[in-house]
There are 2 protein chains.
Amino acid sequence: MTESTRPMRRQDIRRENEKAILLAAEKVFAEAGFGGATMQLIADLAGLPKANLHYYFATKEELYRSVVQNIFEIWLQAANCFDAARGPIDGISAYIDAKMEISRRHPDGSKVWASEVMHGAPVLQDYMESILREWTDGRVEIIRRWIEEGKMDPVDPRHLLYMLWATTQHYADFGHQIETLNGGKPLSDRQWREAKENIKRVILTGIGAQPA
Amino acid sequence: MTESTRPMRRQDIRRENEKAILLAAEKVFAEAGFGGATMQLIADLAGLPKANLHYYFATKEELYRSVVQNIFEIWLQAANCFDAARGPIDGISAYIDAKMEISRRHPDGSKVWASEVMHGAPVLQDYMESILREWTDGRVEIIRRWIEEGKMDPVDPRHLLYMLWATTQHYADFGHQIETLNGGKPLSDRQWREAKENIKRVILTGIGAQPA
DNA sequence: TTGCATCCTGACCGTATGGTCAGCTTTCAG
DNA sequence: CTGAAAGCTGACCATACGGTCAGGATGCAA
């Protein structure tokens with residue numbers, strides 16, 4: 001029973017190892033923070049010797065940067081839901097769904113992202129000042145237009161966006177608290193659905209965008 | 001010019017030093033996380049030699065625990081706003097005000113608390129399973145009663161609470177992001193007021209508790 | 001098959017960190 | 001005034017961590 005000694009192609013090796021390392025790193029960084037994470041722990045979780053990590057990622061900082069950039073890209077992707085929409089009901093609904101899905105599917109990445117921002121975004125400052133700001137300004141403009149067109153109440157677009165980020169992100173970052181208050185069990189499919197519906201309902205009603 | 005060599009009383013010395021250490025620790029833990037924080041940094045910030053820290057707090061863990069418990073108590077205090085209220089408008093308004101004030105006045109503590117929960121609440125697990133759960137259950141009951149009395153729409157009380165926590169906490173934990181998107185400047189008094197008003201308005205309207 | 005680039009890793013190193021301790025100074029009760 | 005308790009600290013230690021490196025193993029193009 002030799003465990004299928006397929007002679008991996010070079011490309012595959014690299015891709016698979018990088019993937020394994022990034023996955024392990026995401027988890028360890030999420031659980032311990034940047035300072036508390038150790039290359040040894042990440043290596044163990046990835047099933048590789050520590051020295052091998054340094055072959056793929058020269059430094060801990062570089063590895064961390066990769067992890068953060070990964071989640072940032074996922075985060076930005078969800079943001080597109082906003083653009084296609086014709087009004088606040090479609091747009092905000094879709095955005096909440098997308099961000100909640102991220103909180104559910106990538107809780108570790110979400111935590112790393114939150115941690116990074118909480119600590120002053122030492123790695124992502126550039127992104128925040130360019131890409132994020134641009135994206136935000138664009139979305140603010142869209143919301144402003146919706147308000148002008150009478151599709152929703154005149155709510156401050158920025159604070160509305162913060163509210164969307166906060167409520168959805170919360171289910172990842174504070175997942176442990178939610179789980180504890182849920183009797184120690186993770187939210188079920190139904191509970192996730194309820195969470196999404198509640199958020200959507202309260203916010204859409206709150207901004208006067210609910211279909212009369 | 002001997003800098004006012006008042007001969008401090010023993011009690012005062014202890015209280016003042018503990019206070020200085022806790023304040024410095026809160027800041028360093030908030031900025032670097034538990035793993036990234038160093039006793040040396042905390043000592044420098046507190047203006048004391050490192051060995052002196054260990055005189056008051058035996059270990060880094062013990063110091064961290066004190067910081068976390070401090071903020072948890074502040075957090076719980078704000079929770080009382082809920083009880084005195086006669087309806088959702090009073091109660092939720094007051095709670096949002098209180099929690100926003102915490103985010104503004106104790107951003108470091110808020111971050112430490114968020115970090116603690118994000119990393120699985122290694123220190124606070126007991127509190128969460130007893131005090132926090134109790135508090136939450138009580139508040140859920142209050143909200144349920146408000147719904148029964150027709151004072152607000154039938155929104156899931158738990159998810160409503162999460163929403164309150166999330167939106168208010170966000171202004172502390174993601175303060176750096178908000179500041180960056182605000183042109184690099186901290187929110188002004190007016191902007192804080194607007195933030196509070198927006199949150200209150202959207203949520204209260206969202207749950208159908210706005211005075212007709 | 002050969003040669004080489006890529007991949008891999010055990011052993012090692014310098015440093016920084018949490019923590020200790022012996023011995024000093026200061027407060028203060030009796 | 002005196003002695004003991006409380007407060008203080010420079011110097012020290014063991015450990016753990018990020019990172020290095022020499023040299024071996026492996027795939028792959030020619």
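All figures in this text were calculated on a predicted structure; none of them were measured in a lab. Letters A, B, ... are given to chains in the order of the sequence lines, protein chains preceding strands, and every chain is numbered from 1.
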### Task
From the options C/dC7, C/dT17, C/dT9, select the nucleotide whose nearest atom is closest to the side chain of A/Y56.
C/dC7

### Message
Just by distance, no angles: are the side chains of A/E116 and A/Y64 close enough, under 3.5 Å, to form a donor-acceptor pair?
### Response
yes

### Task
Using a 4.0 Å heavy-atom cut-off across all strands, classify B/A43 as base, sugar-phosphate, or nothing.
nothing

### Message
Can you measure B/M39 atom CE to D/dT9 atom P for me and round it to whole angstrom units?
### Response
15 Å

### Task
Identify which nucleotide among C/dC8, C/dG18, D/dC8 has an atom closest to any side-chain atom of A/Y55, counting heavy atoms from C-beta outward.
C/dC8

### Message
Strictly below 4.0 Å, N to O, side chains only: are B/E101 and B/R105 in salt-bridge contact?
### Response
yes

### Message
For a quick test of reading the model: is some side-chain N or O of B/N17 closer than 4.0 Å to OP1 or OP2 of D/dC8?
### Response
yes

### Distance in angstrom units between A/L53 CG and D/dT20 P, rounded
13 Å

### Query
Rounded to whole angstrom units, what separation is found between the CD1 atom of B/I42 and the C1' atom of C/dG18?
11 Å

### side-chain N/O B/R14 vs D/dA6 OP1/OP2, d < 4.0 Å
no

### Summary
Closest of D/dG18, C/dG19, C/dT9 to the A/K60 side chain is D/dG18

### Query
Side chains of A/Q69 and A/Y127: donor-acceptor distance under 3.5 Å anywhere?
yes

#### Entry: Short N-O contact, B/R14 and B/E18, less than 4.0 angstrom
yes

### Task
Figure out the CG/P separation between B/D12 and D/dC8, and round it to whole Å.
12 Å

### Task
Name the closest nucleotide to the A/A51 side chain, picking from D/dC8, D/dT20, C/dC7.
D/dT20

### Query
Base, sugar-phosphate, or nothing: which does B/F57 touch, judged by heavy atoms less than 4.0 Å apart?
nothing

### Query
D/dG18, D/dT9, C/dG18: which one has an atom nearest the side-chain heavy atoms of B/P49?
D/dT9

### Query
Over how many whole Å does the gap from A/K50 atom NZ to D/dA16 atom P extend?
12 Å

#### Entry: Rounded distance in Å - OH (A/Y64) to C1' (D/dG18)
17 Å

### Message
Measure CG/A/N52 against C1'/D/dT20 and give the value in whole Å, please.
### Response
14 Å

### Message
Counting only side-chain heavy atoms from C-beta out, which of D/dG18, C/dG19, C/dT9 sits nearest to A/H54?
### Response
D/dG18

### Query
If you measure from the Lys or Arg side-chain nitrogens to the Asp or Glu carboxylate oxygens, is any gap between A/R144 and A/D156 under 4.0 Å?
no

## Note on the structure
Atom CD1 of A/I13 and atom P of C/dT9 are separated, to the nearest Å, by 11 Å

### Task
Classify the nucleic acid contact of A/E61 as base, sugar-phosphate or nothing, counting any heavy atom under 4.0 Å across all strands shown.
sugar-phosphate

